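Reminder, nothing fancy here: chain letters follow the sequence lines and each chain counts from 1. Fair warning: this is a prediction, and the values are worked out from it, not measured in the lab.
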There are 2 protein chains.
Amino acid sequence: MEENNTITIYDVARVAGVSMATVSRVVNGVANVKETTRKRVLNVIEELDYRPNAIARGLASKRSTTIGIVLPSFTHSYYSRIIIGIDDVARMYNYNILIANSDGDPDKEMALIDDFAAKQVDGIIFMGDTMADSVRQRISRLRTPVILAGMIDPEEQVPAVTIDHRQATVEAVGILAKNHEKLALITGPLVNAINTERFDGFKEALEANHRAFSELQVIETKYSYKAGMKLVDRVLAMGATAAYVTDDEVAAGLLNGLLDSGVKVPEDFEIITSNNTIVTNYTRPNLTSIDQPLYDVGAVSMRFLTKLINKEEIDEKTAILPYRMAIKQSTRQ
Amino acid sequence: MEENNTITIYDVARVAGVSMATVSRVVNGVANVKETTRKRVLNVIEELDYRPNAIARGLASKRSTTIGIVLPSFTHSYYSRIIIGIDDVARMYNYNILIANSDGDPDKEMALIDDFAAKQVDGIIFMGDTMADSVRQRISRLRTPVILAGMIDPEEQVPAVTIDHRQATVEAVGILAKNHEKLALITGPLVNAINTERFDGFKEALEANHRAFSELQVIETKYSYKAGMKLVDRVLAMGATAAYVTDDEVAAGLLNGLLDSGVKVPEDFEIITSNNTIVTNYTRPNLTSIDQPLYDVGAVSMRFLTKLINKEEIDEKTAILPYRMAIKQSTRQ
DNA sequence: TTGTATGCGTTATCAG
DNA sequence: CTGATAACGCATACAA
């Protein structure tokens with residue numbers, strides 16, 4: 001004898017002696033409900049412990065009060081930090097978060113976007129290194145608003161919140177160029193938009209500082225601590241005495257790899273990394289880094305998304321947030 | 001002139017010249033559809049780019065193919081690792097993940113559980129340090145299955161997947177007791193179940209190794225790197241020469257704090273930590289740790305949850321996974 | 001201020 | 001093997 005406990009708006013209506021429409025009104029705080037009946041309904045809701053069914057509500061209203069997040073990794077400190085910003089603002093606006101890991105694979109990204117669309121999310125925050133054409137097309141056909149966090153769309157079609165990575169790279173490399181002839185750029189895949197920006201900034205800074213550039217100075221790598229550790233030989237072999245690294249985990253790996261090989265940092269080798277996440281504090285020496293406002297990137301993205309969802313006017317399609325340099329121990333000053 | 005693009009099952013039915021019931025059947029792979037009509041319908045679906053509305057489906061079927069995750073922090077390496085395990089299995093079973101941060105606050109935990117229930121999640125994975133009575137009560141009233149990951153319910157009412165923290169602590173402290181008279185336990189709040197287990201293990205190990213115990217050897221702290229760094233003076237003041245730490249971030253902070261104070265690890269001070277997350281590799285020396293199968297904790301939890309959702313038989317309410325010791329550089333061997 | 005009726009896009013039951 | 005049709009639980013336009 002399965003008892004069906006589900007308490008619906010009809011139950012409340014019946015007990016309160018009103019119509020279900022009235023119950024719906026008080027639940028949604030809609031105007032024009034007499035104070036006495038409002039209270040009566042509220043009491044019954046309390047009494048019956050009624051909870052509106054968000055699914056039914058979503059079907060009727062076409063809004064799910066849920067947003068979707070696509071990201072390339074659950075563990076990477078960069079994205080974790082952004083998520084906190086997203087979460088705080090999402091909570092303020094009463095959105096729940098549907099989250100999914102794409103591994104940075106465009107096919108998975110597309111599948112996840114479709115998935116989210118099917119679940120009727122009100123908006124999507126997309127994170128990654130780049131925006132594949134296939135993904136951009138999918139997004140453009142969506143009626144659901146999408147915003148990029150911590151990256152930009154090179155085609156500038158999709159709204160985005162990020163920092164100026166090219167300029168930040170110029171600044172970071174400029175610091176290293178003071179004390180060094182031969183610099184290395186250690187970056188994620190150059191097919192990715194965010195990294196081509198950095199690549200451009202790297203070259204620009206070398207030129208501005210009258211340093212030679214060759215492709216050999218550029219190392220592409222996966223974003224992981226292990227990958228960073230394995231780079232030591234290559235970096236030393238090319239004769240570099242300083243490196244700009246685009247990822248904190250990789251930088252930590254490179255640093256520890258160098259230390260384990262007896263190279264002193266910053267005396268014999270200087271490192272600047274890019275995200276200033278907590279990882280940069282774990283190492284000794286800790287890592288000088290571009291200081292991106294990652295929390296803000298998340299918070300602004302989410303706030304931005306609420307505007308898109310509500311079809312509010314927006315001034316700029318892309319928000320470029322300011323960054324700083326966090327000078328720590330892996331540079332000599 | 002708002003064009004309503006939404007393509008429903010009716011559109012497909014009309015174009016394919018069948019009833020919507022038949023379309024529903026082919027979409028859901030239900031038996032008894034003639035092969036020719038199946039193909040015809042499939043073609044139309046492709047042609048119209050029809051996507052089933054998961055919300056409507058959820059309302060009609062009472063299943064959302066979504067699970068909820070409650071956790072105390074987005075950034076903590078411990079939970080991130082568990083999430084990967086959850087995600088992999090969730091993906092296998094085609095579940096999406098609704099995730100929310102409780103900050104470990106029971107009130108928020110309750111609110112989030114209600115939220116998830118309202119969104120009709122098919123199951124909930126709950127993470128934290130402990131299970132407040134209020135939360136347990138809420139859970140017990142839910143018709144939605146809940147499972148605890150990386151923790152247990154002291155009352156053993158809620159199913160759980162974790163390791164034997166008491167026993168692991170006994171082992172870890174036993175290692176430290178070999179070389180040291182005075183040991184410190186650095187733990188999260190002792191009001192939390194997981195930590196009382198460790199506390200018991202700590203005392204047990206001291207006794208077994210004929211070491212004195214006093215409350216002064218126990219330091220309660222927040223789970224953060226900064227909190228760990230600030231502990232140096234207290235730890236040294238109590239005369240401890242070794243510490244068992246229940247959290248990797250805290251252990252990393254303590255280690256770096258000691259190093260910054262000129263204390264040599266492991267020569268002058270030994271440390272064992274508890275989670276063997278990637279953080280233990282970032283430090284130099286890297287950290288000896290209990291090696292919990294965190295990925296498996298997540299994966300098993302999710303698999304377990306699918307069984308509860310499908311009302312399959314389960315042998316044990318609680319799964320205790322095996323752990324190892326990962327001996328690294330913060331102990332002398 | 002309140003109630004009635006309809007629709008949201010599916011699933012699922014029951015006939016045929 | 002297929003088609004009607006009734007839920008699912010709520011929001012909302014329209015009446016009253």
Closest to the [X] side chain, choosing from [options]:
X	options	value
B:M20	D:dA11, D:dG3, C:dT10	C:dT10
B:K34	D:dT2, D:dG9, D:dT12	D:dT2
B:N28	C:dT11, D:dG3, C:dG3	C:dT11
B:V33	C:dT1, D:dT2, C:dG7	D:dT2

Think [X] has a side-chain N or O under 4.0 angstrom from the OP1 or OP2 of [N]?
X	N	value
B:R57	C:dG9	no
B:S61	C:dT10	no
A:T37	C:dT2	yes
B:S24	C:dT10	no
A:Y50	D:dC10	yes
A:S19	C:dG3	yes
B:K62	C:dA12	no
A:N53	D:dG9	no
A:T22	C:dG3	yes

- request: May I ask you to decide whether A:D103 forms a salt bridge with A:K108, counting only side-chain N to carboxylate O separations under 4.0 Å?
  value: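 A:K108 and A:D103: salt-bridged.
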- request: Indicate, yes or no, whether a donor-acceptor pair under 3.5 Å links the base of D:dG3 to the side chain of B:R25.
  value: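 Between D:dG3 and B:R25, which were checked side chain against base, a qualifying N/O pair under 3.5 Å is present.
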- prompt: What is the nucleic acid contact for B:V27, judged by heavy atoms within less than 4.0 Å: base, sugar-phosphate only, or nothing?
  reply: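 If one applies the 4.0 Å heavy-atom cut-off, B:V27 turns out to touch nothing in the nucleic acid.
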Quickly work out the [X] [atom1] to [N] [atom2] distance and round it to whole Å.
X	N	atom1	atom2	answer
B:I7	C:dT10	CD1	P	10 Å
B:R40	D:dC1	CZ	C1'	12 Å
A:R14	D:dG9	CZ	P	13 Å
A:Q120	C:dG9	CD	P	8 Å
A:N32	C:dG3	CG	P	14 Å
B:I9	D:dG3	CD1	P	12 Å
A:I45	D:dC10	CD1	P	10 Å
B:E35	D:dT2	CD	C1'	16 Å

task: Of all the heavy-atom pairs spanning A:A149 and A:I82, show the shortest one and how long it is.
output: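 Closest approach of A:A149 to A:I82: CB-CG2, 4.3 Å.
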- request: Answer yes or no: is there a side-chain heavy-atom contact under 4.5 Å between B:M151 and B:D129?
  value: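 Sidechains of B:D129 and B:M151: no contact.
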Steps toward salt bridge (charged side-chain N to carboxylate O under 4.0 Å, His left out) verdict (B:D88, B:R91): CA-CA 5 Å; B:D88 278 357; B:R91 185 179 304 252; 5.3 Å; no
message: With no hydrogens and no angle check, just 3.5 Å: does a side-chain donor-acceptor pair link A:T306 and A:R303?
response: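 Side chains of A:T306 and A:R303: pair found under 3.5 Å.
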- prompt: Between the side chains of B:T66 and B:K119, is a donor N or O closer than 3.5 angstrom to an acceptor N or O?
  reply: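 There is no such pair between these side chains.
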- request: Please figure out whether A:Y10 or A:R38 has its closest DNA chain C nucleotide nearer the 5' end.
  value: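 Its nearest nucleotide being more 5', the pick is A:R38.
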